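Here the structure is a predicted model, which is why all the values come from computation and not from measurement. Values reported hereafter were calculated over all heavy atoms of this structure, with side chains retained and with hydrogens, waters and symmetry mates removed.
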Number of protein chains: 2
Amino acid sequence: MIKGVGHIGIFVKSIEESVKALSKFVDFPELTIKESEKMGVKAGVVNLGGFELELIQGLEDDGPLAQFVGEKGDMIHHFCLLTDDIDADLVKLKERGVEMMDSTPKVGVRGKRIAMSNPAALNGITIELSEP
Amino acid sequence: MIKGVGHIGIFVKSIEESVKALSKFVDFPELTIKESEKMGVKAGVVNLGGFELELIQGLEDDGPLAQFVGEKGDMIHHFCLLTDDIDADLVKLKERGVEMMDSTPKVGVRGKRIAMSNPAALNGITIELSEP
């Protein structure tokens, strides 16, 4: 069952530069960096008053994510809905005809079981389901 | 002083269609619709477990916002940092050299005093400062 919104995922050119810019807005709390060679990304996770920002940077300077933000700029890519039972929720979504990119859970860059929606399900917006 | 993240603002083609799609993911709580003729938008605000989604739709079918999402699809446009003193924070941001779209607070569609950052300040991401 969905419990609320856990984080937003932001595609960035540079975690370091984003943190520098964000530090002008807020007294910046501790940043945790997670990396996934398999997914080709690293993620800088920061908790702002109980809500998380996930700054996602491509591992390769000429990889698809780096190319995307190089052309388009940084973008807020998804928001995350927290679920206490991702398997049951994926069954429910399938019954309701929701298109998912991941029909079964995968392990995300942060080591949690996640599943991404197909942007078409929400006219271009991507939702991540994640266990807490 | 910044207290945390208040909401995300999502440009949508249709609040009604977005609510219908989101309702497949979550048992959808009450939606509050606010409208601003001056800003040319209406906003559907929904609270998901303490965090708000703000679904922003253009009032005119052929207005700039409707045209934008018509071409690009829906998009997560900004995230909101809650401040208990927006005037003081705007002074501080100016001292730190942060480019803002609004150098002084304006009243947003939800009737709160807000100020939007210039996307250039964060490589394309827009931040809204808002009083609670």
Do B:Asn123 and A:Val69 pass the side chain to side chain contact (heavy atoms under 4.5 Å, CB included) test, and can you show the C-alpha distance, the side-chain angles, and the key distance before you say yes or no?
CA-CA 9 Å; B:Asn123 198 34; A:Val69 294; 5.6 Å; no

How far apart are the C-alpha atoms of B:Val26 and A:Leu81, what are their side-chain angles, what is the distance that settles it, and do they pass the side chain to side chain contact (heavy atoms under 4.5 Å, CB included) test?
CA-CA 9 Å; B:Val26 289; A:Leu81 294 175; 4.1 Å; yes

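Residues B:Val109 and B:Ile56 fall within the same hydrophobic cluster, defined by Ile, Leu, Val, Met, Phe, Trp and Tyr side chains chained together at heavy-atom separations under 4.5 Å. The hydrophobic cluster containing B:Phe11 does not contain B:Phe79, counting ILVMFWY residues as joined when their side-chain heavy atoms lie under 4.5 angstrom apart, directly or transitively. One hydrophobic cluster holds both A:Leu22 and A:Leu48 under the rule that ILVMFWY side chains link at heavy-atom gaps under 4.5 Å. Follow the hydrophobic side-chain contacts under 4.5 Å out from A:Met75 and you never reach B:Phe68; the two are in separate clusters. Grouping the Ile, Leu, Val, Met, Phe, Trp and Tyr side chains by contacts below 4.5 angstrom, directly or via other members, places B:Met39 apart from B:Val12.
Among all heavy-atom pairs drawn from B:Phe25 and A:Leu129, the shortest one is CD2-CD2, 4.5 Å. In plain terms, the two heavy atoms of A:Ala21 and B:Leu122 that are nearest each other are CB-CD1, 3.2 Å.
Residues of residues 88-101 of chain B lying under 4.5 angstrom from chain A, judged on non-hydrogen atoms, are B:Leu93, B:Arg96, B:Val98, B:Met100 by number.
Of the two parts of B:Ile8, only the side chain, counted from C-beta on, holds a non-hydrogen atom closer than 4.5 Å to a non-hydrogen atom of chain A. Only the side chain of B:Ser117 comes within contact range of chain A, with at least one heavy atom under 4.5 Å from a heavy atom of that chain. If you measure heavy-atom distances from B:Lys3 to chain A, the contacts under 4.5 Å come from the backbone alone. In this structure, the portion of B:Ile10 lying under 4.5 Å from any heavy atom of chain A is its side chain and not its backbone. A:Leu53 touches chain B through its side chain: at least one heavy atom from C-beta onward sits under 4.5 Å away, while N, CA, C and O do not.
More than 12 heavy-atom neighbours from other residues, nucleotides or ligands sit within 6.0 angstrom of CD on B:Glu35. The number of heavy-atom neighbours closer than 6.0 Å to CD of B:Glu16, taken from other residues, nucleotides and ligands shown, is 12 or below.
For the set A:Ile127, A:Thr126, A:Ile76, A:Ile2, the count of heavy-atom pairs under 4.5 angstrom toward chain B peaks at A:Ile76.
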